Asks: 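Below: one structure in structure tokens.
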Amino acid sequence: MASIKKIVIVDYGLGNLFSVNQALINTGLNTLITNDPLEVETADALVLPGVGAFTDAMQNLHQLNLVNPIKDLVASGKPFLGICLGLQLLFTESEEFGTCEGLNIIEGKVRKFRSADTPGAEQLKVPQIAWNSISKPENKSWDNTPLQNIRDGEFLYFVHSYYVIPDNQDVILTNTTYGITTYASSVCKNNIFACQFHPEKSAREGLKIYKDWAIINNLL
């Protein structure tokens with residue numbers, strides 16, 4: 001009989017922990033919500049959710065001594081899932097409140113949508129709180145990714161003011177357009193899958209994403 005995998009959801013004081021947890025439980029996963037660095041280090045897979053400020057998140061991760069355990073787990077090749085702020089934290093830096101350094105697991109920047117009160121900006125509501133569509137970049141396949149059963153153009157749920165700009169365009173799995181800005185709404189790099197949208201708030205299609213993330217990583 002196969003051993004039960006331990007899926008750790010990182011609790012760093014910001015985020016939609018319980019809705020993500022319930023969605024993962026519904027897929028059949030054995031989850032643990034914790035901020036214990038040892039539990040992170042010994043996880044079979046790691047989930048980093050989050051809603052809120054990048055600067056607060058990084059401060060909390062440092063104070064809880066979670067930065068190195070997260071980096072070590074990713075470097076080990078174990079499955080990693082980032083959601084919303086959990087995607088943004090993977091990047092080198094954010095322009096929020098000046099410049100704030102991120103985990104630098106994926107090189108690139110996090111930039112804010114320009115709102116209606118920004119000179120020269122189009123009339124956008126920030127944050128974006130809406131269903132929006134995801135699309136495949138040119139020559140990109142979703143086979144053997146958590147999106148393998150999602151159609152190109154599917155609408156998923158977004159809540160965010162910032163978006164990621166990877167240095168390496170090859171890591172981009174989906175694009176989304178808000179106003180005139182087309183940005184990377186999910187990335188896939190080796191053992192990392194991270195998305196700006198919220199699968200747990202995206203009805204049946206979102207639950208498919210969690211299910212397929214578990215399946216392709218042999219977590220069930």
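Owing to the predicted nature of the structure, the values given are computational and were not obtained by experimental measurement.
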Asks: Against Met58, only a single residue in Thr55, Leu61, Asp56 fulfils side chain to side chain contact (heavy atoms under 4.5 Å, CB included); can you say which?
Replies: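 That would be Leu61; it is the only one of Thr55, Leu61, Asp56 passing the side chain to side chain contact (heavy atoms under 4.5 Å, CB included) with Met58.
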
Asks: Would you please indicate if the ring centroids of Tyr183 and Phe113 are separated by under 6.0 Å?
Replies: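 Yes - the distance between ring centres of Tyr183 and Phe113 falls below the 6.0 Å cut-off.
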
Asks: For Leu17, is there any backbone N or O sitting under 3.5 Å from a side-chain donor or acceptor partner on Asn21?
Replies: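 Not a single qualifying donor-acceptor pair exists.
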
Asks: Is the number of heavy atoms from other residues, nucleotides or ligands within 6.0 Å of CD (Glu101) greater than 12?
Replies: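 Result for CD/Glu101: open.
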
Asks: Exactly one of Asn191, Leu73, Val74 should register a side chain to side chain contact (heavy atoms under 4.5 Å, CB included) with Leu46. Which one does?
Replies: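 That would be Leu73.
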
Asks: Using the side chain to side chain contact (heavy atoms under 4.5 Å, CB included) rule, pick out the option among Thr34, Asn60, Asp11, Val40 that qualifies with Leu66.
Replies: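 Only one option passes, and that is Val40.
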
Asks: Are any side-chain N or O atoms of Ser185 and backbone N or O atoms of Ile134, one a donor and one an acceptor, separated by less than 3.5 Å?
Replies: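 Answer holds: no.
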
Asks: Taking Trp142 for the side chain and Leu173 for the main chain, is one N or O donor matched with an acceptor at less than 3.5 Å?
Replies: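 Side chain of Trp142 to backbone of Leu173: a pair is present.
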
Asks: Answer with yes or no whether the side chains of Glu107 and Asn168 bring together a donor and an acceptor at under 3.5 Å.
Replies: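 The answer is no; no qualifying pair exists.
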
Asks: Phe158 and His160: aromatic ring centres closer than 6.0 Å?
Replies: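 Ring centres of His160 and Phe158 closer than 6.0 Å.
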
Asks: Distance only, no hydrogens: is a donor on one side chain within 3.5 Å (strictly under) of an acceptor on the other, for Thr42 and Lys6?
Replies: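 Thr42 vs Lys6: donor-acceptor pair found between side chains.
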
Asks: Check each of Leu87, Leu89, Ile172 against Val164 using the side chain to side chain contact (heavy atoms under 4.5 Å, CB included) test, and report the only one that passes.
Replies: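 Among Leu87, Leu89, Ile172, the one meeting side chain to side chain contact (heavy atoms under 4.5 Å, CB included) with Val164 is Leu87.
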
